[in-house]
Amino acid sequence: LKIEFRVRRHDGVYRWFDTRGVPLLDADGHVMRWIGSNTDIEERHAAEQQVASLLGELEQRVADRTRELEAVQRDLRNIVDAIPSMIGYWDRDLYNRFANKAYSDRFGLTPEEAKGRHIRELLGDTLFRQMRPYIEAALGGEPQRFENELVDASGAVRYAQAHYLPDIH
């Protein structure tokens, strides 16, 4: 048996106690007597309440901050999607982490569908081979600026000026 409860002391102050009891049984399994203890756990209980309160405050702060970040991300997404130029972010392994609407429209994918795809998958082998030196140079820390021809989803040839920027931390 284990129970925690408040006990009123002789001076009228209530304190939390942990009470434990263990029955001593006879050979037939009948209770002969109980052995127990009462331990004052007021400080532990107060500390647990303080930790619970702090955790609640922290959870609220995290929730508030998460809402703020989501709002900023929505605003940034709206701004970047309004730009007619293709804007994309590719990690060091050449997997897409972000593509704006113009980038997605060019390749016929939603931003969610573009995310996580390897750049070769979007560009195709021929265009990827052409872009590879620029990609490698940007990964090496050198900004790249060049012009190239792109064939859009309808087959029309378009001319583009590209900027590959290194990921600087």
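Values in this document were obtained by computation on a predicted structure and should not be read as measured data. Along the sequence shown, residues are numbered consecutively beginning with 1.
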Does this structure show an ion pair linking [X] with [Y], if we count only N-O contacts that are shorter than 4.0 Å?
{"X": "Asp167", "Y": "Arg92", "result": "no"}
{"X": "Asp18", "Y": "Arg20", "result": "yes"}
{"X": "Arg132", "Y": "Glu136", "result": "yes"}
{"X": "Lys2", "Y": "Glu4", "result": "yes"}
{"X": "Arg61", "Y": "Asp64", "result": "no"}
{"X": "Arg65", "Y": "Glu68", "result": "yes"}

Taking the side chain as C-beta and beyond, is there a heavy-atom pair between [X] and [Y] under 4.5 Å?
{"X": "Asn96", "Y": "Tyr89", "value": "no"}
{"X": "Thr39", "Y": "Trp16", "value": "no"}
{"X": "Val31", "Y": "Pro23", "value": "yes"}
{"X": "Met131", "Y": "Leu123", "value": "yes"}
{"X": "Leu122", "Y": "Leu109", "value": "yes"}

Check whether more than 12 heavy atoms from other residues, nucleotides or ligands sit under 6.0 Å from atom [atom1] of [X], and answer yes or no.
{"X": "Gln161", "atom1": "CD", "value": "yes"}
{"X": "Tyr95", "atom1": "OH", "value": "no"}
{"X": "Arg9", "atom1": "CZ", "value": "yes"}

Can you tell me how far [atom2] of [Y] sits from [atom1] of [X], rounded to the nearest 0.5 angstrom?
{"X": "Phe98", "Y": "Tyr103", "atom1": "CZ", "atom2": "OH", "result": "11.5 Å"}
{"X": "Asn78", "Y": "Ile83", "atom1": "CG", "atom2": "CD1", "result": "11.5 Å"}
{"X": "Ser85", "Y": "His163", "atom1": "OG", "atom2": "NE2", "result": "8.0 Å"}

Checking side chain to side chain donor-acceptor pair (under 3.5 Å) against Arg15, which of His45, Glu42, Glu43 comes through?
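When side chain to side chain donor-acceptor pair (under 3.5 Å) is applied between Arg15 and each of His45, Glu42, Glu43, only Glu43 qualifies.
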Nearest non-hydrogen partners of Trp90 and Arg117, listed with the distance
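Shortest heavy-atom contact: CZ3-O, 3.3 Å.
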Mind checking who shares a hydrophobic cluster with Phe5, ILVMFWY linked at side-chain heavy-atom distances under 4.5 Å?
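Members alongside Phe5: Ile3, Val7, Phe17.
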